[in-house]
**Q** 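This is the structure I have questions about; it appears just below.
When a residue number appears, it is its place in the shown sequence, counting from 1.
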Amino acid sequence: MGPRRLAVFASGGGSNFQAILDAHQRRELELAPVCLVSDRDGIGALARAERAGLPLAVFGRSTWRGEAKAVQDLLSFLREHSVELIALCGFLRMLPAALLAAYPDRILNIHPALLPAFGGKGMYGHRVHEAVWHAGCRVSGATVHLVNERYDEGPILAQQAVELKPTDDPEQIAARVLEIEHRLFPAALQMLATNEIQIHEQRVTLCPRP
């Protein structure tokens, strides 16, 4: 039996997507990225998928508004590639209910802060780091969590913190956190692949290997 098959959803440059590809290439990730889904054309993540030789598809607004035919087209694409798990790498759309129902406990997201702080609707990308900076935080980090019907409220699977310097501006905070993201997401996916993280009905159990 081969590695479990992973779809990546992305809305931007796809640096976390690249970190997953690289971890798999180094044989540090026992999940195989098999396709990329996006909500917009012309983004860096699509170019990364093309370079990696992976199938890709762009789905428009009707899909993310939950229109039945458009969502079925997305589900058909995922079934065509025998997708078992989904990783959201900077994906900015709320997922339709039918997709969540089709992949229960099998959709993961990475958020550029230590949830539950600095999460929720509208808190994405640089907005998060600006909020952390305005709050005067001395620690930030990244969180991998399950995806549900509410922004950034799914059960937490893994977190890693990074200390901030008093002189850091939002751009420097973003750079520090992105470095954490590139390590944390592949590591959390690997823990899931090796059953060190077990999920049942949105409940998370950690089972570290001896």
**Q** Check whether any side-chain heavy atom of D152 sits under 4.5 Å from a side-chain heavy atom of H145, and report yes or no.
**A**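 Yes. Closest side-chain heavy atoms under 4.5 Å.
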
**Q** Looking only at side-chain N and O atoms, does Q190 offer a donor or acceptor that is under 3.5 Å from a partner on E30?
**A**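 Note: E30 and Q190 side chains meet the donor-acceptor criterion.
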
**Q** Are L99 and F9 packed together at the side-chain level, in the sense that at least one heavy-atom pair is separated by less than 4.5 angstrom?
**A**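 The answer is yes, as the side chains (C-beta and beyond) meet within the 4.5 Å cut-off.
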
**Q** If every non-hydrogen atom of G66 is compared with every non-hydrogen atom of P96, which pair is closest and at what distance?
**A**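 Looking at all heavy atoms of both residues, the closest pair is CA-CB, 4.0 Å.
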
**Q** Would the number of heavy atoms belonging to other residues, nucleotides or ligands and lying under 6.0 Å from CZ of R27 be above 12?
**A**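 No, because the 6.0 Å sphere around CZ of R27 holds 12 heavy atoms or fewer from other groups.
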
**Q** State the SG-NE2 distance between C137 and H129, to the nearest 0.5 angstrom.
**A**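 Answer for the SG-NE2 pair, C137 versus H129, is 12.0 Å.
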
**Q** What's the separation between atom CG in L6 and atom NE2 in H81, rounded to the nearest 0.5 Å?
**A**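 Between L6 CG and H81 NE2, I get 13.5 Å after rounding to 0.5 Å.
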
**Q** Is there a side-chain contact between I173 and V177 (heavy atoms, below 4.5 Å)?
**A**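 Of all side-chain heavy-atom pairs linking V177 with I173, at least one is under 4.5 Å.
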
**Q** Could you measure the distance from the CG atom of L115 to the CE atom of M123? Nearest 0.5 Å is fine.
**A**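 Taking CG in L115 and CE in M123, the distance rounds to 9.5 Å.
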
**Q** Measuring only between side-chain heavy atoms, which start at C-beta, is I110 closer than 4.5 Å to T143?
**A**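 No, every pair of side-chain atoms sits at 4.5 Å or beyond.
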
**Q** Measuring only between side-chain heavy atoms, which start at C-beta, is L85 closer than 4.5 Å to L31?
**A**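 Yes, side chains in contact.
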
**Q** Can you tell me if R48 uses its side chain to pair, donor with acceptor, with the backbone of F17 under 3.5 Å?
**A**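 Looks like no, no N/O pair under 3.5 Å.
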
**Q** Quick check: does any side chain N or O of W64 sit under 3.5 Å from a backbone N or O of V71, one acting as donor and the other as acceptor?
**A**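 No.
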
**Q** How close do V128 and P112 get, counting heavy atoms only, and between which atoms?
**A**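 It is CG1-O, 3.4 Å.
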
**Q** Any donor and acceptor pair, going by atom type alone, linking the side chain of R93 with main-chain N or O of D39 inside 3.5 Å?
**A**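 Checking the backbone N and O of D39 against the side chain of R93, no donor-acceptor pair under 3.5 Å is found.
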
**Q** Do the non-hydrogen side-chain atoms of E181 and L178 ever get within less than 4.5 Å of each other?
**A**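 Yes, at least one pair of side-chain atoms sits under 4.5 Å.
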
**Q** List the steps and the verdict of side chain to side chain contact (heavy atoms under 4.5 Å, CB included) for I86 and V37.
**A** CA-CA 10 Å; I86 297 171; V37 168; over 6 Å; no

**Q** If only atom types and distance count, is the side chain of E153 paired as donor or acceptor with the main-chain N or O of R150 below 3.5 Å?
**A**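 Checked: no pair found.
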
**Q** Compare all side-chain heavy atoms of P55 with those of V34 and state whether any distance is below 4.5 angstrom.
**A**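 A side-chain contact under 4.5 Å is absent here.
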
**Q** Just do the side chain to side chain contact (heavy atoms under 4.5 Å, CB included) check on L54 and L21 with the steps written out, would you?
**A** CA-CA 11 Å; L54 294 183; L21 289 171; 3.9 Å; yes

**Q** If you draw a 6.0 Å radius around CZ in R61, do more than 12 non-hydrogen atoms from other residues or ligands fall strictly inside?
**A**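 Atom CZ in R61 is not crowded, with 12 or fewer foreign heavy atoms closer than 6.0 Å.
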
**Q** Answer yes or no: is there a donor N or O on one side and an acceptor on the other, between the side chain of R51 and the main chain of L46, under 3.5 Å?
**A**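 Checked: no pair found.
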
**Q** Looking only at heavy atoms, which two atoms of H126 and P170 are closest? And how far apart?
**A**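 That closest heavy-atom pairing would be NE2-CB, 3.7 Å.
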
**Q** Crowded around E179 CD? As in, over 12 foreign heavy atoms under 6.0 Å?
**A**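 No - once you tally the heavy atoms of other residues, nucleotides and ligands closer than 6.0 Å, there are 12 at most.
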
**Q** Is the shortest side-chain heavy-atom distance between F91 and N109 below 4.5 Å?
**A**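 Sidechains of N109 and F91: no contact.
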
**Q** Working to the nearest 0.5 angstrom, can you tell me the gap between L192 CG and R106 CZ?
**A**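 Result: 11.0 Å between the selected atoms.
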
**Q** Mind checking the CZ-CZ spacing from F77 to F59? Nearest 0.5 Å is all I need.
**A**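 Nearest 0.5 Å value for the CZ-CZ distance: 6.0 Å.
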
**Q** Which heavy-atom pair separates Q160 from L184 by the least distance, and what is that distance?
**A**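 Taking every non-hydrogen atom into account, N-CD2, 3.9 Å.
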
**Q** E28 side chain to A23 main-chain N or O, any donor-acceptor pair under 3.5 Å?
**A**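 Side chain of E28 to backbone of A23, a donor-acceptor pair under 3.5 Å: no, none is there.
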
**Q** Please answer: with hydrophobic residues joined when any side-chain heavy atoms are less than 4.5 Å apart, are L146 and I107 in the same cluster?
**A**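 The answer is no; the residues belong to distinct hydrophobic clusters.
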
**Q** Dump the intermediate steps for side chain to side chain contact (heavy atoms under 4.5 Å, CB included) on I156 and V204, then the final yes or no.
**A** CA-CA 8 Å; I156 291 170; V204 177; over 6 Å; no

**Q** Just do the side chain to side chain contact (heavy atoms under 4.5 Å, CB included) check on L29 and I20 with the steps written out, would you?
**A** CA-CA 8 Å; L29 178 58; I20 289 170; 3.7 Å; yes

**Q** Which pair of heavy atoms, one from H182 and one from S15, lies closest together, and at what distance?
**A**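 So the two residues come closest at NE2-OG, 2.9 Å.
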
**Q** Taking atom OG of S140 and atom CD1 of I180, what is their separation to the nearest 0.5 Å?
**A**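 Separation between the atoms: 9.5 Å.
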
**Q** Grab the two heavy atoms, one from A45 and one from L36, that are nearest each other, plus how far apart they are.
**A**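 That closest heavy-atom pairing would be O-CD2, 3.3 Å.
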
**Q** Where the side chain of H111 meets the backbone of F118, is there a donor-acceptor pair that is under 3.5 Å apart?
**A**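 Yes, because the side chain of H111 sits within donor-acceptor range (under 3.5 Å) of the backbone of F118.
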
